[in-house]
Amino acid sequence: MMLLHANGPISLEHTLGSGQAFRWRRDAGLRESGPHGDWRRDGDWWLGVVEGTVYRVRQEGPQAIAFTCGPLDEQAAAPLLTSYLRLDDDLPALYRRLRGDRRLGAAMRQYEGLRLVRQAPWECLVTFVISAYSNIPRIARHVEDLAQTFGDTLEFAGETHHRFPSPAQLAETGEPWFREHGFGYRARYLSRLSVLVMPLGDLTALRRAPFQEARSVLLALPGVGEKVADCVLAFSLDQGEAFPVDVHVRRAVQVWYGEGEERSDRWVREWAHERFGPDAAYAQQYLFHYQRQRGR
DNA sequence: AACCAGGTCCGAT
DNA sequence: ATCGGACATGGT
């Protein structure tokens, strides 16, 4: 087990549970205890697969986490997990910049430690094409189905897990397979996506590209509209200007900033770009989570 | 049992 | 440029 410290607060609950990434699940780490065969929780762990590594992560105070992993050793994995959870992001500075905003101020207090994640772009792209007009539990089910069916196996702590499949591993999958597995009308997009992405090479190169340029590349792909493109830009390509506008965020902005007037997605997006600039992606995730949790 | 879900695409104004 | 409907499926 290894400890990692964050630059400011980190909350696994809010980071992994706010609908950015879909391969994390709460893992109580059940361990047998007592003479009556009852089970007890061994802390509140999260279990997830990132690239080729399986992680078990738990909160270790407001600014630190502990983790184990495999098959990669912890020393080698530490910088990878640090990057994935963006533990180096200066959250206190972000809060200082945005705390003048009343709604964001409230959201940041309530969900302190919520960080954007830095996902693998290909997995993020497929995930959010799947996400279109769906819901979070179902999205997670589809992503897991793809991993188990087409991804390489990974052994960790006596259990078998799966990597998310590469474009090449998905390229042979035709529309009928996706239909049969409940992907609905997204089947047509997904069956074409791999083939079109392969010649683009490593999508992480888009992290160095200007925002609009990276966005154009994504928008040319099947099943990728403005919302999905902005999710990929925000959650995998370090593009802080991205502001994904879904039904929740549009409502939130209409009510909180738009005097309740009907606003188009374009209006909301441009308003956010003007107001938040390079902090737009973070602002969006706080507003999204705030709005979505509000009704529960 | 309707209604909605982290939308996109396409054809018609 | 913008608008409206079609598109599959499952959760609440």
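Values reported hereafter were calculated over all heavy atoms of this structure, with side chains retained and with hydrogens, waters and symmetry mates removed. Naming: A, B, ... by sequence-line order, numbering from 1 per chain. None of the values given here were measured: they were computed from a predicted structure.
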When you compare the protein's N or O atoms with those of nucleotides 1-6 of chain C, which come within less than 3.5 Å of each other, and at what distance?
none

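- When the salt bridge (Lys or Arg N to Asp or Glu O under 4.0 Å) test is applied to R266(A), the partners found at least two apart in sequence or on another chain are E270(A).
- Residues satisfying the side chain to side chain donor-acceptor pair (under 3.5 Å) test with E51(A), not counting sequence neighbours, are none.
- Residue contacts shown for I139(A) are absent, as no nucleic acid heavy atom lies under 4.0 Å away.
- The side chain to side chain donor-acceptor pair (under 3.5 Å) pairs that include a residue from residues 182-201 of chain A number zero, where partners must be two or more places apart or lie in different chains.
- Residues passing the side chain to side chain donor-acceptor pair (under 3.5 Å) test with Q239(A): none are found, sequence neighbours excluded.
- Separation of the P atoms belonging to dA1(B) and dA8(C) is 23 Å when rounded to the nearest angstrom.
- With sequence neighbours excluded, no residue forms a salt bridge (Lys or Arg N to Asp or Glu O under 4.0 Å) with R115(A).
- A heavy-atom distance below 4.0 Å to DNA chain B is reached by these residues of residues 209-238 of chain A, ordered by number: L221(A), P222(A), G223(A), V224(A), G225(A), E226(A), K227(A), V228(A), F235(A).
- Applying side chain to side chain contact (heavy atoms under 4.5 Å, CB included) to L114(A) and the options Q20(A), E13(A), M108(A) leaves one that passes, Q20(A).
- Formation of a donor-acceptor pair under 3.5 Å by the E259(A) side chain with backbone atoms of E261(A) is not found in this model.
- Pairs passing the salt bridge (Lys or Arg N to Asp or Glu O under 4.0 Å) check and including a residue from residues 272-286 of chain A, sequence neighbours excluded, read R97(A)-D279(A), D101(A)-R275(A).
- Counting only distance, with no hydrogens or angles, the side chain of Q169(A) and the backbone of S166(A) share a donor-acceptor pair below 3.5 Å.
- Both V255(A) and L104(A) belong to a common hydrophobic cluster when Ile, Leu, Val, Met, Phe, Trp and Tyr are linked at side-chain heavy-atom distances under 4.5 angstrom.
- Between D246(A) and R192(A), the residue anchored closer to the 5' end of DNA chain B is D246(A), taking for each the nucleotide with the nearest heavy atom.
- A heavy-atom distance below 4.0 Å to DNA chain B is reached by these residues of residues 116-129 of chain A, ordered by number: F128(A).
- Evaluation of the salt bridge (Lys or Arg N to Asp or Glu O under 4.0 Å) rule for R141(A) yields no partner, not counting sequence neighbours.
- Residues that satisfy the salt bridge (Lys or Arg N to Asp or Glu O under 4.0 Å) test with R118(A), not counting sequence neighbours, are D238(A).
- Residues Y290(A) and L91(A) share a single hydrophobic cluster, defined by chaining ILVMFWY side chains whose heavy atoms lie under 4.5 Å apart.
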Check nucleotides 8-12 of chain C for protein N or O atoms closer than 3.5 Å to its own N or O atoms and list the pairs.
from   : atom 1 : to      : atom 2 : distance (Å)
dA8(C) : OP1    : R179(A) : NH1    : 2.7
dA8(C) : OP1    : R179(A) : NH2    : 2.8
dA8(C) : O4'    : Y185(A) : N      : 3.2
dT9(C) : O4'    : R138(A) : NH2    : 3.3
dT9(C) : O2     : R138(A) : NH1    : 2.8

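- The CG-P distance, from L196(A) to dT8(B), rounds to 17 Å in whole Å.
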